[in-house]
Undergrad: 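I have a structure I would like to understand better, so I am pasting it below and will then ask my questions one at a time.
To find a chain, count down the sequence lines: A is the first, B the second, and so on, and within it residues start at 1.
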Protein chains: 2
Amino acid sequence: MKTADPELMRAINRYHVIDTIRRDGPIARVEIAARTDLSPASVSAITAQLMEEGLIDIHHVAPGGDAVRGRPRVLLGLNPAAYTVVGVKLTAFRIGIAVTDARGGSLSSLVLPIRVARQSPEVVADLVEDGVRRCVADAGLAMDRISGVGVGLPGVIDGIDGVSHWSPVLGGTPAPFAAAVSRRLGVPVLLENDANLVAVAEHWFGLGRDQTAFAVVTVENTIGLGLIVDGKLYRGAHGIGPALGHTRLVPGGLPCRCGLRGCLDAYASDWGLLRMAEEAGLLPQGDDAPDRIEGLVQRALAGEVAAAALFRGAGQAIGIAVSNLVNLLNPPRVILTGEGLRAGPLLREPLLEAVAENMLPTLKDGTEILFHSWGDEMWARGAATIMLRRIYEAPWNATT
Amino acid sequence: MKTADPELMRAINRYHVIDTIRRDGPIARVEIAARTDLSPASVSAITAQLMEEGLIDIHHVAPGGDAVRGRPRVLLGLNPAAYTVVGVKLTAFRIGIAVTDARGGSLSSLVLPIRVARQSPEVVADLVEDGVRRCVADAGLAMDRISGVGVGLPGVIDGIDGVSHWSPVLGGTPAPFAAAVSRRLGVPVLLENDANLVAVAEHWFGLGRDQTAFAVVTVENTIGLGLIVDGKLYRGAHGIGPALGHTRLVPGGLPCRCGLRGCLDAYASDWGLLRMAEEAGLLPQGDDAPDRIEGLVQRALAGEVAAAALFRGAGQAIGIAVSNLVNLLNPPRVILTGEGLRAGPLLREPLLEAVAENMLPTLKDGTEILFHSWGDEMWARGAATIMLRRIYEAPWNATT
DNA sequence: CATCTTTCTAAGGAGCCCGAAATAACCAAG
DNA sequence: CTTGGTTATTTCGGGCTCCTTAGAAAGATG
């Protein structure tokens, strides 16, 4: 057990300072002191050390608060150049890679349109290695400038040990993927469920910046869930995070990849939509090429009734799952995101209706449901963020 | 924001010491020092203060650890007499009251067999007042010896502000019940969802003593859920805890008290069982007197097929909900408890089958499902515990 | 140049932790 | 009964960080 010694005290105050700078952008020392209740003297000492380490830097000098007189405030901000990290996102169809700075800004990016799911984890690790080396070179950097790699992928992922227990991308056998990639690249690698990754990114850079607890639902090839509780990523047993896609929605319903029946995934994920479309004769049997789901979306948006019904059903299913989530856990905010929202209002409206219909009336006032559409850069931030978390991690986690 | 100063440091270490004493029973100072990594000097100082405050006391003197030589260890334990609190449990049929000491030991108890649900919150507060005064007198104490009252009841309860937003006991209009009782008795009153209360009690005194995260499912007049995450009670928005009873199990299924359809409560709570029994012609229409559900249990245990089917169905429904909970949140341990388990194996077996059938195979190894049957004294401990939590609360919650 | 605000530096004081030494309590052998 | 060995607990001094206060330096305005 970590005891509380002066070192921890320093670490806590240091964390408060960094966190304030992160949250409230470029900010003057006096202002930090006011918000953290630390004395200006302490803030000065801490920021001096942070600057020496390169974690923060001087953004610019601005005239004082209300009055324009007096010595101008020196605004401090996170130093983008403090760390360079690589974000990797694995989906069934592609490997996305981006090199980002410490603020989540993208230095270079790369997409490998590869059907990852048919390859063994060792092969995937090889592909990731090649892609990362390429992308780092594109950014004009050497590998030794990279502080770490964050890999996000759907499935049951042990983010602490870096093991994929079950994933549509890496298969059903436990794969120590983080170690595999780390061995190849010679830098630390963190593996994380993609929804967790998004949750952390939302917490640092997105709609969760000012929140201490919220839920993120990702709608993609699978339906994922990330939870921030008490400002920290929620993990269940053994480092495995939460999952929404395999809640039983319809007992004895459609079969799902996981071997169970009636999962949300079978009704609302890309995978499930394709299965249902095949079943309904809308699509021929086939593999899961990315253009198939795109085609289905286009047909639905163009007004094809049967296709539209699928997306409406998916929206409703997600809506029920979200309302269950709200009834169960009552998070103050739920952020919906992911490529699966591409069907737009077609999916969104039945989703919101189902939420309204199934949420306990008592909870309606206290819960926000938000949509957040991301560009490609945002998941890279997410992957980058899980590296940053290592650096900035709140110290009192360590006390138990 | 609370800054980290020496005071916080002390508070953290003090908490670690108390927590170690709580967990590992009567324990010597050297042993505390070993487990907390604090120096013997610090442990000595902290325990001296705790003894002065009366929170802990000397249990007895035992010969040293392995060898019998040397100065004997002085074993320290929580002092039962440190605080006296009253636990109150409200259900639809009765008010249970117990006076307990700081270790959860019962000094006196009382059950008022009153159908609480038909009375207004103000009347219920009057009844609680009378019962508490009686029970405290029975214990041979004066009211000014009581440090506080903890009230547990089912429903959507804001445990921070002490407001019942929706409850089968206090109705659907927000009722500031904690304030109402506190005004009458002149002592602090905490209101809490009964499942939260049980979760905290399990954490302090029961099957969650050694755990830092687990879930408690209570099966009674309603199905409740309490979550301990990171050693703390999980609360959603606005102090309202989680709830399992109103997850949608069967879309468009049986109507539930909450106004929705297909809730778990409609299938597995006492309330739902009675409704289904009436529907099936097993029972005449009637109110919810406690003997009705008891009668139904007896008939089922005696072999009446239709009645038994109801309980099997309830077990299955709970099993699905629990597996959803596990698939969703993956808590390392789930503790099932409550009077609703009175049907025994009749309910338990289909429940465990449904869990086995619906849980993601990957999670099976990491999740324990336990049953914990309580006597009446245990909920009183629960109610008492929420007072204790005030006293012992982990200090680093305060830093954000 | 006077004024004003921010930032830095320095000194004094308080609380905590830790290590070392002292003390306490008991056992066991002589 | 005494004395030495052994382990637990307490006491004490040094060192760390924090806070406050005060003052000086920096940088801008008027």
Side-chain angles (χ1 to χ4, degrees), chain A residues 1-17 21 26-52 56-76 395-396 399, chain B residues 1-17 20-21 26-52 56-76 395-396 398-399:
Chain A
M1 199 188 303
K2 175 85 186 75
T3 76
D5 49 18
E7 208 175 305
L8 176 70
M9 215 157 101
R10 223 307 163 15
I12 291 176
N13 285 336
R14 185 186 142 106
Y15 174 81
H16 279 147
V17 169
I21 295 174
I27 185 174
R29 284 180 253 256
V30 258
E31 191 64 26
I32 298 174
R35 296 193 193 209
T36 57
D37 281 340
L38 286 165
S39 69
S42 299
V43 172
S44 222
I46 291 170
T47 51
Q49 207 204 323
L50 291 174
M51 279 174 69
E52 192 168 333
I56 61 172
D57 62 358
I58 295 172
H59 269 234
H60 67 114
V61 177
D66 296 331
V68 242
R69 321 200 35 183
R71 177 173 174 174
R73 299 176 162 203
V74 179
L75 300 188
L76 306 175
W396 49 86
T399 56
Chain B
M1 198 189 303
K2 175 86 185 74
T3 76
D5 48 19
E7 210 174 302
L8 177 71
M9 212 157 103
R10 177 58 143 217
I12 291 175
N13 286 333
R14 183 187 143 106
Y15 175 81
H16 279 148
V17 169
T20 305
I21 295 173
I27 185 174
R29 285 182 253 261
V30 258
E31 189 64 25
I32 297 173
R35 297 194 191 206
T36 57
D37 282 339
L38 286 164
S39 70
S42 300
V43 172
S44 218
I46 291 169
T47 52
Q49 207 204 324
L50 291 174
M51 278 175 70
E52 193 168 334
I56 62 172
D57 61 359
I58 294 172
H59 269 232
H60 66 113
V61 177
D66 296 330
V68 242
R69 321 192 44 175
R71 176 173 175 173
R73 299 174 163 203
V74 178
L75 300 188
L76 306 175
W396 48 88
T399 54

Undergrad: Just compare C:dC18, C:dT6, D:dT9 and give me whichever is closest to any side-chain atom of B:V74.
TA: D:dT9
Undergrad: Whole Å only: how far is the CZ atom of B:R10 from the P atom of C:dG15?
TA: 11 Å
Undergrad: Can you measure from CD1 (A:I21) to CD (A:E31) and round to the nearest 0.5 angstrom?
TA: 12.0 Å
Undergrad: Could you check which of C:dC17, D:dC18, D:dT11 has an atom nearest any side-chain atom of B:M9?
TA: C:dC17
Undergrad: If I take atom CD1 in residue B:I27 and atom C1' in nucleotide D:dT9, what distance separates them, rounded to the nearest angstrom?
TA: 15 Å
Undergrad: So, does A:R73 get its side chain near the phosphate of C:dT6, meaning an N or O under 4.0 Å from OP1 or OP2?
TA: yes
Undergrad: Heavy atoms under 4.0 Å, any strand shown: does A:A28 hit a base, just sugar-phosphate, or nothing?
TA: sugar-phosphate
Undergrad: Roughly how many Å is it from CD in A:E7 to P in D:dC16, rounded to a whole number?
TA: 12 Å
Undergrad: Starting at the 5' end of DNA chain C and moving along, which residue's nearest nucleotide shows up first, B:P40 or A:V43?
TA: A:V43
Undergrad: Please state how far atom CD1 in B:I12 lies from atom P in D:dC18, giving the value in whole angstrom units.
TA: 14 Å
Undergrad: How long is the span from the CE atom in B:M51 to the CD1 atom in B:I58, to the nearest 0.5 Å?
TA: 3.5 Å
Undergrad: Could you state the interatomic distance from CG (B:N13) to CG (B:L8), rounded to the nearest 0.5 Å?
TA: 9.5 Å
Undergrad: Choose from C:dT9, C:dC26, C:dC16 the nucleotide whose nearest atom is closest to any side-chain atom of B:P6.
TA: C:dC16
Undergrad: May I ask you to verify whether the side chain of B:R71 and the base of C:dA25 hold a donor-acceptor pair under 3.5 Å?
TA: no
Undergrad: Taking 4.0 Å as the cut-off, does a side-chain nitrogen or oxygen of B:S39 come that near to OP1 or OP2 on C:dG19?
TA: no
Undergrad: C:dC17 phosphate, OP1 or OP2: any side-chain N/O from B:N13 under 4.0 angstrom?
TA: yes
Undergrad: Give the rounded distance in Å between these two atoms: CD1 of B:I56 and C1' of D:dT9.
TA: 14 Å
Undergrad: Taking all non-hydrogen atoms of both residues into account, name the closest pair between B:L75 and B:P26 and its distance.
TA: CB-CB, 4.1 Å
Undergrad: Between atom CZ of A:R73 and atom CD1 of A:I27, what is the distance when rounded to the nearest 0.5 Å?
TA: 8.5 Å
Undergrad: Rounding to a whole Å, what distance do you find between B:E31:CD and D:dT7:P?
TA: 15 Å
Undergrad: Separation of A:R29 atom CZ from C:dT5 atom C1', in whole Å?
TA: 14 Å
Undergrad: Whole angstrom is fine here: how far is it from CG in B:L38 over to C1' in C:dC17?
TA: 9 Å
